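Worksheet: one structure, shown below.
Side-chain atoms are counted along with the backbone in the values below, which use heavy atoms only and exclude waters and symmetry mates. Model, not experiment: these values are computed from the prediction. Numbers here simply count residues along the sequence, with the first being 1.
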Amino acid sequence: QVQLVESGGGLVQAGGSLRLSCAASGRTWSRYTMGWFRQVPGKEREFVAVVSWDGGSTAYADSVKGRFTISRDSGQNTVYLQMNSLKPEDTAVYYCAADLSYSWPPGRYGYWGQGTQVTVSS
């Protein structure tokens, strides 16, 4: 079992930055791939970024590449999403998720946090 709790969302102006955190618990957390996803009302949840269990591999959606950075701190049991140069279209509820496989379709992930709202004003 893996439990996930996101934090760090809020309201920011376009061009600003936010750092999301996802605190994980569970004895085998360190073996899980961790992903960030986002969802706006009326749309499907979409992939944002993923980091492998050892932090050695990362991948990003084209829409955030070069602006967002995913990282994990195994000592703190935390995964981060650093978001820079934010745009109004980044507004969404952001979720972190865990899975044993390195992949990015949301349906592959078995453990999810409750989400944190990010709003970017123009």
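- Applying the ring-ring contact (aromatic ring centres under 6.0 Å, His included) test to Tyr109 and every residue at least two apart in sequence or in another chain returns Phe37.
- Residues that satisfy the ring-ring contact (aromatic ring centres under 6.0 Å, His included) test with Tyr32, not counting sequence neighbours, are Tyr111.
- With sequence neighbours excluded, the residues forming a side-chain contact (heavy atoms from CB on, under 4.5 Å) with Val5 are Gln114, listed by chain and number.
- For Ser30, the side chain to side chain donor-acceptor pair (under 3.5 Å) test picks out no residue, with sequence neighbours left out.
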Hey, can you pull the donor-acceptor pairs under 3.5 Å for the side chains in residues 57-64, sequence neighbours left out?
from, atom 1, to, atom 2, distance (Å)
Tyr60, OH, Ile70, N, 2.9
Asp62, OD1, Lys65, NZ, 3.1
Ser63, OG, Arg38, NH2, 3.4

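- Shown here for Val93 and Gly115, the closest heavy-atom pair between the two residues is CG1-CA, 3.9 Å.
- Residue pairs meeting the disulfide (SG to SG under 2.5 Å) criterion with at least one partner in residues 58-95, sequence neighbours excluded, are absent.
- In this structure, Leu4 and Met34 have side chains that are in contact, with non-hydrogen atoms separated by less than 4.5 Å.
- Taking the side chain as every heavy atom from C-beta outward, Val118 and Leu18 approach each other to under 4.5 Å.
- Between the side chains of Ser25 and Gln3, a donor-acceptor pair is found at a separation under 3.5 Å.
- For residues 51-95, the set of pairs meeting the disulfide (SG to SG under 2.5 Å) definition, not counting sequence neighbours, is empty.
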(message) Please evaluate residues Glu6 and Tyr94 with respect to the criterion side-chain contact (heavy atoms from CB on, under 4.5 Å), reporting the C-alpha separation (whole Å), side-chain torsions for both, the decisive distance (0.1 Å), and the verdict.
(response) CA-CA 8 Å; Glu6 302 96 334; Tyr94 282 72; over 6 Å; no
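- In this structure, Phe68 is a member of the same hydrophobic cluster as Val120, with clusters built from ILVMFWY side-chain heavy atoms closer than 4.5 Å.
- Not counting sequence neighbours, the partners of Arg67 by the side chain to side chain donor-acceptor pair (under 3.5 Å) test are Asp90.
- The one candidate from Val51, Val50, Leu100 that meets the side chain to side chain contact (heavy atoms under 4.5 Å, CB included) condition with Thr33 is Val50.
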(request) Start with the C-alpha distance between Asn77 and Arg72, add both sets of side-chain angles, then the distance that settles side-chain contact (heavy atoms from CB on, under 4.5 Å), and finish with yes or no. (result) CA-CA 8 Å; Asn77 285 6; Arg72 66 192 298 163; over 6 Å; no
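- Scanning both residues, Leu20 and Thr116, for their nearest heavy atoms gives CD2-CG2, 4.0 Å.
- Not counting sequence neighbours, Gln76 has no partner by the side chain to side chain donor-acceptor pair (under 3.5 Å) test.
- A 6.0 Å sphere centred on CH2 of Trp29 holds more than 12 heavy atoms belonging to other residues, nucleotides or ligands.
- Considering every non-hydrogen atom in both Thr78 and Ala23, the closest pair reads OG1-CA, 4.4 Å.
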Can you give me every donor-acceptor pair (side chain of residues 80-89, partner residue at least two apart or in another chain, under 3.5 Å) with its distance?
from, atom 1, to, atom 2, distance (Å)
Gln82, NE2, Asn84, OD1, 2.9
Asn84, OD1, Ser17, OG, 2.9

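- The cationic group of Arg45 lies under 6.0 Å from the six-membered ring centre of Trp112 and within 45° of the ring axis, placing it in a cation-pi geometry.
- In terms of the side chain to side chain donor-acceptor pair (under 3.5 Å) criterion, residue partners of Arg108 (sequence neighbours excluded) are, by chain and number, Ser101.
- Applying the disulfide (SG to SG under 2.5 Å) test to every pair with at least one member in residues 28-111, sequence neighbours left out, gives these pairs: Cys22-Cys96.
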